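Single-structure report; data block below.
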Amino acid sequence: MDRIVILDFGSQYTQLIARKIRELGVYAEIVPFNRDFDTTDTKGIILSGSPSSIYEKDAPIPKEGIFKLNIPILGICYGMQVIANRFGGSIIKAEKREYGLARLRLLKENPLIDKEIDNTIVWMSHGDRLKSLPEGFEAIARTDNSPFAAIQNLDERIWAVQFHPEVYHSQKGKKLLSNFVFGICKAKADWNMGNFLTQQIEKIKETVKDKRVIGAVSGGVDSSVVAVLMNRAIGDRFIGVFVNTGLLRKNEPEYVLDLFKRLNVNIRYEDASELFLERLKDVEDPEKKRKIIGHTFIDVFTKIAKEYDDAEFLAQGTLYPDVIESVSVKGPSATIKSHHNVGGLPDDLKFKLIEPLKELFKDEVRSLGRQLGIDEEFINRHPFPGPGLAIRIIGRITKQRLKVLREADAILIEEIKKAGIYNDIWQAFAVLLPVNSVGVMGDKRTYENVLAIRAVNSTDGMTADFSRIDYDLLGKISSRIINEVEGINRVVYDVSSKPPATIEWE
């Protein structure tokens with residue numbers, strides 16, 4: 001496939017660039033700013049924004065070779081400063097940081113910014129500015145505060161903008177990216193889930209050959225799509241393993257086993273709840289929880305694999321956001337958390353990993369699920385983390401605390417389904433806090449658990465905003481939980497967004 005490579009300098013918006021380009025039907029891949037990459041089928045390179053300043057010590061700088069590939073380059077915000085610095089321009093600290101909306105004015109006809117984009121609103125977010133143009137470059141657009149809001153060098157095939165076309169607030173940002181991807185880079189729109197499905201089936205067959213694959217199946221959308229995909233590719237040589245960790249939602253084992261029976265995928269059930277809970281005993285640190293769960297999963301799969309002489313592979317539902325957050329593929333950005341199926345795996349893993357979804361965002365996985373014929377009811381299920389309720393119980397995990405959380409979470413989901421808003425919410429769940437509060441029940445003083453409700457809206461899990469659930473419904477959910485779940489006397493609602501918070505609490 002044709003692709004656009006995005007060199008990431010640590011911007012919080014980098015994933016949005018990839019998403020916008022994929023929405024155009026072209027594959028976009030994010031790589032660290034200093035990494036070599038295969039130029040085969042690479043039609044264009046985008047330099048992302050960054051929290052850094054180009055004149056700072058140890059400022060992230062790409063390898064010199066990217067400017068000699070004769071591949072079109074687009075710099076965005078910090079990427080523009082990288083380009084200007086490389087070709088001899090002058091960058092200075094702005095007297096006043098420009099953050100927010102600005103109106104773009106076209107200065108000269110050019111292939112990046114056409115008349116449709118002229119006089120539209122763009123989003124600015126920068127503390128440095130270009131003082132003088134590098135030799136060979138010319139200004140093609142400006143704003144009231146930025147005389148060099150967009151520049152180009154036709155001979156070098158380089159364009160750059162000071163604003164962020166990838167964010168929602170830039171009215172014609174997607175059109176600008178389309179002009180770059182199609183008009184300048186001449187990329188073909190051949191990225192879709194039908195093509196992806198065909199390619200992955202062939203890739204799986206070629207990789208696995210006549211061996212068996214053990215599949216970690218949690219009952220969530222990601223691992224379930226992997227299970228159906230593997231079954232489509234290699235049939236009964238795929239062994240789906242559903243492990244009861246003791247950290248699952250209410251009635252989850254029964255629901256999941258029935259689902260796969262309807263999907264005609266053979267699933268093996270393994271109850272390892274006592275093993276998981278024993279290893280998690282007295283563990284409070286969330287990173288330790290995730291790593292213990294990841295290692296225990298592998299131990300269970302290793303034990304099962306010994307029953308099959310030809311089981312060499314482990315298939316997992318790892319997604320692109322998991323990889324980004326766990327192993328910091330974005331170069332200078334920090335690792336946010338170790339996902340049990342990425343950063344939580346042991347170094348001496350005995351299996352070869354197969355992760356057919358690791359290039360996809362969540363909405364793309366759901367689209368792939370539809371290609372595979374999975375029921376809408378299941379595709380639209382809210383995400384459920386691999387570590388399960390372990391990361392929704394803040395602090396120590398006990399059977400009693402798990403029971404309390406299961407019951408409360410079941411009430412939450414039941415009520416939002418009754419209200420007809422389940423499919424309008426990206427993810428909703430309950431979190432049991434390590435906090436007790438004073439209450440009054442039956443004229444008696446209580447000192448019991450506080451429960452937090454978390455509901456967010458998102459597209460891909462990379463960014464999210466809290467759901468504006470009706471107050472009357474929140475009141476009904478709270479009342480039911482306090483009255484029906486012994487051990488809870490206070491319910492709070494989480495109104496933080498991602499960033500700065502993450503969706504899950506741990």
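Everything quoted here is computed from the prediction, not taken from an experiment.
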Worksheet item: Counting distance only, does the side-chain N/O of Lys188 pair as donor-acceptor with the main-chain N or O of Val26 below 3.5 Å?
Response: no
Discussion item. Could you walk me through whether Glu376 and Arg370 satisfy the salt bridge (charged side-chain N to carboxylate O under 4.0 Å, His left out) test, starting with their C-alpha distance in whole Å, then the side-chain angles of each, then the deciding distance to 0.1 Å, before giving a yes or no?
Written reply: CA-CA 7 Å; Glu376 283 291 328; Arg370 293 184 182 99; 2.6 Å; yes
Discussion item. Using a strict threshold of under 4.0 Å (side-chain N to carboxylate O), is an ion pair present between Asp310 and Lys211?
Written reply: no
Fill in: Lys/Arg-Asp/Glu bridge criterion (N-O < 4.0 Å) met for Arg237, Asp210
no
Worksheet item: Considering only heavy atoms from C-beta outward, does the side chain of Ile292 approach that of Val283 to under 4.5 Å?
Response: yes
Worksheet item: Does a side-chain N-to-carboxylate-O contact under 4.0 Å join Glu414 and Arg480?
Response: yes
Discussion item. Between the side chains of Glu274 and Lys399, is the shortest nitrogen-to-carboxylate-oxygen separation below 4.0 Å, so that they form an ion pair?
Written reply: yes
Worksheet item: Could you walk me through whether Met230 and Ile204 pass the side chain to side chain contact (heavy atoms under 4.5 Å, CB included) check?
Response: CA-CA 8 Å; Met230 297 300 301; Ile204 291 166; 3.6 Å; yes
Item to complete: Kindly say whether Ile469 contributes a backbone atom to a donor-acceptor pair with the side chain of Ser467 at under 3.5 angstrom?
Response: no
Worksheet item: Do any pairs count as a ring pair (Phe, Tyr, Trp, His ring centres under 6.0 Å) and have a residue in residues 194-226, sequence neighbours left out, and if so which ones?
Response: Trp191-Phe196
Worksheet entry | Those residues that, when tested against Tyr78, pass ring-ring contact (aromatic ring centres under 6.0 Å, His included) (two or more places apart) | Phe9
Worksheet item: Can a donor-acceptor pair be found between the side chains of Ser367 and Asp363 at a distance below 3.5 Å?
Response: no
Item to complete: Go through Ile293 and Leu247 one step at a time and tell me if the side chain to side chain contact (heavy atoms under 4.5 Å, CB included) criterion holds.
Response: CA-CA 10 Å; Ile293 290 167; Leu247 307 167; 4.0 Å; yes
Worksheet item: Within a reach of under 6.0 Å around CG of Asn423, are more than 12 heavy atoms found that belong to other residues, nucleotides or ligands?
Response: yes
Practice prompt. Decide whether Ser273 and Asn244 meet the rule of one side-chain donor and one side-chain acceptor closer than 3.5 Å.
Written response: no
Worksheet item: Would you call Lys403 and Glu486 a salt bridge, taking side-chain N to carboxylate O under 4.0 Å as the test?
Response: no
Practice prompt. State whether Phe466 and Arg468 meet the cation-pi test: NZ (Lys) or CZ (Arg) under 6.0 Å from the six-membered ring centroid, and within 45° of the perpendicular axis.
Written response: yes
Worksheet item: Where is the tightest heavy-atom contact between Ala428 and Ile413, given as atom of each residue plus distance?
Response: O-CD1, 3.6 Å
Worksheet item: So which of Lys362, Arg366, Gln316 actually passes side chain to side chain donor-acceptor pair (under 3.5 Å) with Asp222?
Response: Lys362
Worksheet item: Looking at Lys306 and Asp309, does any basic side-chain N land under 4.0 Å from a carboxylate oxygen?
Response: no
Item to complete: Report yes or no: does Ser496 contribute a side-chain atom to a donor-acceptor pair with the main-chain N or O of Ala501 at less than 3.5 Å?
Response: no
Worksheet item: Do the charged groups of Arg212 and Glu312 touch, with an N to O distance under 4.0 Å?
Response: no
Worksheet entry | Main-chain N/O of Ile298 paired with Thr302 side-chain donor or acceptor, under 3.5 Å | yes
Discussion item. I'd like to know whether OH of Tyr255 has more than 12 heavy-atom contacts from other residues, nucleotides or ligands below 6.0 angstrom.
Written reply: yes
Discussion item. Just verifying a value: how many Å separate Asn489 CG and Ser437 OG, rounded to the nearest 0.5 Å?
Written reply: 4.0 Å
Practice prompt. Report yes or no: does Arg22 contribute a side-chain atom to a donor-acceptor pair with the main-chain N or O of Ala28 at less than 3.5 Å?
Written response: yes
Discussion item. Tell me whether Arg268 forms a cation-pi arrangement with Phe242, defined as NZ or CZ under 6.0 Å from the six-membered ring centre and within 45 degrees of its axis.
Written reply: no
Worksheet entry | Heavy-atom donor-acceptor pair, Thr207 side chain to Lys203 backbone, under 3.5 Å | yes
Item to complete: Scan residues 419-437 for pairs that pass salt bridge (charged side-chain N to carboxylate O under 4.0 Å, His left out), counting only residues two or more places apart or in two chains.
Response: none
Item to complete: Would you kindly say whether Glu166 and Gln15 are connected by a side-chain donor-acceptor distance under 3.5 Å?
Response: no
Worksheet item: Does the distance from a Lys or Arg side-chain N to an Asp or Glu carboxylate O, for Lys250 and Glu252, drop under 4.0 Å?
Response: no
Discussion item. Could you check whether Gln171 and Thr120, counting side-chain N and O atoms only, form a donor-acceptor pair closer than 3.5 Å?
Written reply: no
Item to complete: Report the distance from atom CZ of Arg249 to atom CZ of Arg406, rounding to the nearest 0.5 Å.
Response: 11.5 Å
Discussion item. As an exercise, state the distance from CG of Leu177 to CD1 of Ile76, rounded to the nearest 0.5 Å.
Written reply: 6.0 Å
Fill in: Check ion pair Asp299-Lys303 (N to O, under 4.0 angstrom)
no
Discussion item. Distance check, rounded to the nearest 0.5 Å: Ile214 atom CD1 versus Leu314 atom CG?
Written reply: 8.0 Å
Fill in: Atom pair CZ (Arg232) and CZ (Phe238), whose distance is rounded to the nearest 0.5 Å
13.5 Å
Worksheet, complete the sentence: The reported gap from CD1 in Ile425 to CG in Asn457 (rounded to nearest 0.5 angstrom) is 6.5 Å
Worksheet item: Just wondering, are more than 12 heavy atoms of other shown residues or ligands nearer than 6.0 Å to CD in Glu307?
Response: yes
Worksheet item: Would the number of heavy atoms belonging to other residues, nucleotides or ligands and lying under 6.0 Å from NZ of Lys476 be above 12?
Response: no
Worksheet item: Is a side-chain N or O of Glu278 found less than 3.5 angstrom from the main chain of Leu275, in a donor-acceptor match?
Response: no
